[in-house]
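Every heavy atom of this structure was used, including side-chain atoms; hydrogens, water molecules and symmetry mates were not. Everything numeric here is computed off the predicted structure, so don't read it as measured data.
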Amino acid sequence: MDYIDRIVATRVDSDETQSCLAKALNCHRVQWAKYENRTNEPPIRLLREFCLHYHVSADYILGLPKGLDWPRE
């Protein structure tokens, strides 16, 4: 499962349409559909807003392992 799959699954599990999500993120539905269809890459700003909207961590969406040390020294 890649990050787009996690984005789509999160939206669908929340019973939210692309239109409703696009409105919440202040973007056009057609543009959001292009992100979900892998035509375009979503910008960091929208990924951040997506995570805040659904109360999920960016680490989860990006598929990063738990327990990463930061800052690295």
Side-chain angles (χ1 to χ4, degrees):
M1 180 178 274
D2 70 1
Y3 80 101
I4 297 296
D5 293 330
R6 286 185 190 87
I7 283 173
V8 173
T10 301
R11 180 183 61 75
V12 170
D13 288 347
S14 297
D15 294 324
E16 193 161 32
T17 65
Q18 286 182 344
S19 295
C20 289
L21 176 59
K23 185 176 180 179
L25 300 182
N26 198 27
C27 73
H28 296 283
R29 189 210 57 82
V30 172
Q31 187 61 47
W32 188 260
K34 289 180 181 181
Y35 301 144
E36 288 191 8
N37 291 327
R38 296 175 171 82
T39 303
N40 293 341
E41 292 275 334
I44 296 293
R45 177 191 70 80
L46 283 181
L47 287 175
R48 179 183 182 278
E49 293 300 319
F50 179 91
C51 291
L52 291 171
H53 179 73
Y54 288 115
H55 304 281
V56 298
S57 74
D59 288 353
Y60 165 72
I61 293 297
L62 296 174
L64 298 174
K66 291 183 179 183
L68 291 176
D69 292 330
W70 188 258
R72 296 190 178 123
E73 295 180 30

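The shortest heavy-atom contact between Tyr3 and Pro42 is OH-CD, 3.6 Å. Listed here is the closest heavy atom pair of His53 and Leu21: CD2-CD1, 3.7 Å. Val56 and Thr10 make their closest contact through CG1-CG2, 4.3 Å (heavy atoms, listed as atom of the first residue, atom of the second, distance). For Ile4 against Glu36, the heavy-atom pair with the smallest separation is CG2-O, 3.5 Å. Across all their heavy atoms, Asp5 and Arg38 have their closest contact at OD1-NH2, 2.8 Å.
Residues passing the side chain to side chain contact (heavy atoms under 4.5 Å, CB included) test with His28 are Gln31, sequence neighbours excluded. Partners of Ala33 under the side chain to side chain contact (heavy atoms under 4.5 Å, CB included) rule, at least two apart in sequence or in another chain, are Gln18, Arg29, Asn37.
Ile7 pairs with exactly one of Asp2, Leu46, Leu47, Val12 by the side-chain contact (heavy atoms from CB on, under 4.5 Å) rule, that one being Leu47. Screening Glu49, Arg11, Glu16 for a side-chain hydrogen bond (donor to acceptor under 3.5 Å, both in side chains) with Tyr54, the sole residue that qualifies is Glu16.
With rounding to the nearest 0.5 angstrom, the NZ atom of Lys34 is 11.5 Å from the SG atom of Cys27. Taken from CH2 in Trp32 to CG in Leu25, the straight-line distance is 5.5 Å, to the nearest 0.5 Å.
Put simply, Leu52 and Leu62 are part of two different groups of oily side chains (I, L, V, M, F, W, Y) that touch within less than 4.5 Å, one to the next.
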Candidate pair Asp13 and Arg6, rule salt bridge (charged side-chain N to carboxylate O under 4.0 Å, His left out), full reasoning
CA-CA 10 Å; Asp13 288 347; Arg6 286 185 190 87; over 6 Å; no

